[in-house]
2 protein chains.
Amino acid sequence: MATIKEIATLAGVSRGTVDRVLNNRGAVNPQTERKVRQIADAINYKPNKAAKSLAVRKKNYKIAFILPDYVSSNPFFNDVVAGAERKARDLGEYGVSVEFYYSRFADPAAQVELLDTLAHEGISGVAIAPVNHPSVAKKIRQLIAAGIPVVTSNTDIENSNRLAYVGSNYYEGGRTAAGVMGLITAGRANVGIVSGSGSILGHTERVRGFTEHMAAHEPGIRIVGLVENNDDDIESYTVTKDLLEAHPEIDAIYITAAGVYGAGRAIQSLGRTPPIRVVCFDTVPTTVRLIKEGVIAATIDQQPFVQGSKPLGLLYEYLTMGVLPKKEYLYTELGIRIRENL
Amino acid sequence: MATIKEIATLAGVSRGTVDRVLNNRGAVNPQTERKVRQIADAINYKPNKAAKSLAVRKKNYKIAFILPDYVSSNPFFNDVVAGAERKARDLGEYGVSVEFYYSRFADPAAQVELLDTLAHEGISGVAIAPVNHPSVAKKIRQLIAAGIPVVTSNTDIENSNRLAYVGSNYYEGGRTAAGVMGLITAGRANVGIVSGSGSILGHTERVRGFTEHMAAHEPGIRIVGLVENNDDDIESYTVTKDLLEAHPEIDAIYITAAGVYGAGRAIQSLGRTPPIRVVCFDTVPTTVRLIKEGVIAATIDQQPFVQGSKPLGLLYEYLTMGVLPKKEYLYTELGIRIRENL
DNA sequence: TTGAAAGCGCTACCAA
DNA sequence: TTGGTAGCGCTTTCAA
């Protein structure tokens, strides 16, 4: 384990000089620089992370995690928050603090203002589930330009220049759901789709991935109808019931977003034989219950815990070690869950 | 962020004393002790991990990872090794070194000797995929007694008193496979089982989990035969072929261990219609290929990467922070993989 | 352009 | 039973 001190001794310079070379700060005589670099990789120098994060502790890093305010009513986000809080505690033990903020959904102006305030209060980094609006993208670009790293979580936003996105690949999620549907129906089914909202990108992508995969690989599967539930369980219940009554031939249902419980209850109440095969997303408590009751065959999980924890981890690495995320798109894994591996 | 120094000031004692109290080293006046403890949790003291691991760096921790020597011929273990190497690199940046050892499979004496040598050479901790033999368990107990933490990976060993086990829950893996089989056959199938070896606990557990689940929940699924391939692809090819020829009624195959490629090729070569539904374990390259070709419907993944990385992480936490694993059994997740979410 | 030194929070050792 | 101090590897500041 080589250290800066060793390099300094070998090069016959001070530790400060070595530091300047290795971290490109301040000016150094090109001769010395070359010598130091050469020695550094000759002895395979790797900075000690514990020492690094101890030394920068004086900076008192503060990270903000901005979530939409509907998190409390959406059990999916419970797990995102749990992941974030867990990581926040870990980072606390390294001297970094995390604060949570909730900004009104569908109100880009409010989110922009919050970002602005945080920037002025000297926040060190930001994790955010952004409202998809150009004004938010612009504000994020400003933070980035001011040297404040930003990572998006759960939903991404274009042209924002954020460091990375941590979340689901919605299109692939749709394809995976299609694959599961193909397997459990042996390639023959009439599918009804219950989606969230046509104006939310993630939902439409999940529909697109599903239908495109079916069109390409499953000639025996027809999509016979699509309804929207606006992520509301009651609405979900009624539109699903209407859909099933209007299309008695439906023997499979694909639910792309929230409202799984409402749709599930509608399906259950009709009690069709043979039973309707249902595929949906996320592993919230009501969904677990419906899987156990045999109403839902499978659900696709998108690692909400990771969506909470990883953005904070990336910001920490960037701030204390100067390490950029390996990839711009850090997609969470698409886990297929059935009764037996819940 | 409270520090030891602050506590010392508030309590009117030295930092050394606070350290003694908080880490239970050396004797301290009960009065002082109470006072220090009280202040510590009044200001919610949490030790700084970076500082902790920097300070213990002088100890120059060395961890050994002992794997069976067949890892090189078993692609599943490539991922275990990859996970371990990745973590080893990370730990290197915190001043901890990791060395890999390969001990002959099915030779408990060799593994015992290796453990003994390492202990005498002053190893700090051991991660091991143990040979399941009482002599190995006994040696592990000795290391534990000597203060050397041991964590098992991939396979566990009874009565060894190791800190924790990181790996698959094989019984649950069998149940999950049964669940998948139930879904993709709509509950009607004649299943042939291709297992590894009746003398390897993991394999028999996967058979047990599968058959018990079928007996309890799937009246329409019959298990009509079981053959063993000894984890060899050629043997797997021939026994699978024989099984299918002896039982023309078989329309589903469950493979519990290695030899997936051989079995898959046998199934493929017979070209039955309707196609035989196949469920197996692990996501090695040949399995991926067979899934893409439509021969295998689904595979159950057991996070080999985690089996490599987590044991090292646990040992690091224990050695530098004195933190014990949260649980004794750290089961990896059972991920269902199909063509679309490989 | 460089060196010297203090300090991040914790551990460990020696002296009292 | 306690205090004082040096040191882990790195960053940062001040002076030269």
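Letters A, B, ... mirror the listed sequences (proteins, then strands); counts begin at 1. No hydrogens, no waters, no symmetry mates; every other heavy atom, side chains included, goes into these values.
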Student: Note the angle between the end axes of the helix from dT1(C)-dA16(D) to dA16(C)-dT1(D), five pairs defining each, rounded to 10 degrees.
Tutor: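 One end axis against the other gives 50°.
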
Student: For Y94(B) and Y316(B), take the angle between the two ring planes, folded into 0 to 90°, and tell me which bin it lands in: parallel under 30, tilted 30 to 60, perpendicular over 60.
Tutor: tilted

Student: Whether K46(A) and E93(B) form a salt bridge (side-chain N of Lys/Arg under 4.0 Å from carboxylate O of Asp/Glu) is what I want to check.
Tutor: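 Salt bridge between E93(B) and K46(A), a charged N being under 4.0 Å from a carboxylate O: no.
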
Student: With sequence neighbours excluded, give me every salt bridge (charged side-chain N to carboxylate O under 4.0 Å, His left out) pair touching residues 127-144 of chain B.
Tutor: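 Output for this query lists D116(B)-K139(B).
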
Student: Show, in sequence, the C-alpha distance, side-chain angles and deciding distance for F77(A) and Y70(A), and conclude whether the ring-ring contact (aromatic ring centres under 6.0 Å, His included) test is met.
Tutor: CA-CA 9 Å; F77(A) 274 98; Y70(A) 59 75; 5.6 Å; yes

Student: Listed by chain and number, what are the salt bridge (Lys or Arg N to Asp or Glu O under 4.0 Å) partners of E113(A), not counting sequence neighbours?
Tutor: none

Student: Quick one: salt bridge (charged side-chain N to carboxylate O under 4.0 Å, His left out) pairs with a partner in residues 318-332 of chain A, sequence neighbours left out?
Tutor: R162(A)-E328(A)

Student: Within residues 26-37 of chain B, find the residues that approach DNA chain C with a heavy atom at under 4.0 Å, and present them sorted by residue number.
Tutor: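 Hits under 4.0 Å, by residue number: none.
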
Student: Write out all pairs satisfying salt bridge (charged side-chain N to carboxylate O under 4.0 Å, His left out) with one or both partners inside residues 126-135 of chain B, taking only residues at least two apart or from two chains.
Tutor: none

Student: Distance-only criterion, 3.5 Å: show the donor-acceptor pairs between side-chain atoms of residues 4-13 of chain A and protein atoms not counting sequence neighbours.
Tutor:
unit_1 : atom_1 : unit_2 : atom_2 : d
E6(A)  : OE2    : T3(A)  : N      : 3.2
T9(A)  : OG1    : K5(A)  : O      : 2.9

Student: Measure across L118(A) and A64(A) and return the closest heavy-atom pair with its distance rounded to 0.1 Å.
Tutor: CD1-CB, 3.8 Å

Student: The criterion is side-chain contact (heavy atoms from CB on, under 4.5 Å); which residues satisfy it with E33(A), sequence neighbours excluded?
Tutor: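 Scan of E33(A) (side-chain contact (heavy atoms from CB on, under 4.5 Å), adjacent residues dropped) gives V21(A), V28(A), R37(A).
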
Student: Can you list everything that forms a side-chain contact (heavy atoms from CB on, under 4.5 Å) with L324(A)? Sequence neighbours excluded, please.
Tutor: L163(A), Y318(A)

Student: What does the B/S/- profile of nucleotides 6-16 of chain D look like, 5' to 3', with a 4.0 Å heavy-atom cutoff to protein?
Tutor: -BBBBSBB---

Student: According to the salt bridge (charged side-chain N to carboxylate O under 4.0 Å, His left out) rule, which pairs have a member within residues 53-66 of chain A, sequence neighbours left out?
Tutor: none

Student: Anything under 4.0 Å to a heavy atom of chain A counts; send over the first and last such nucleotide of DNA chain C, read 5' to 3'.
Tutor: dT1(C) to dG9(C)

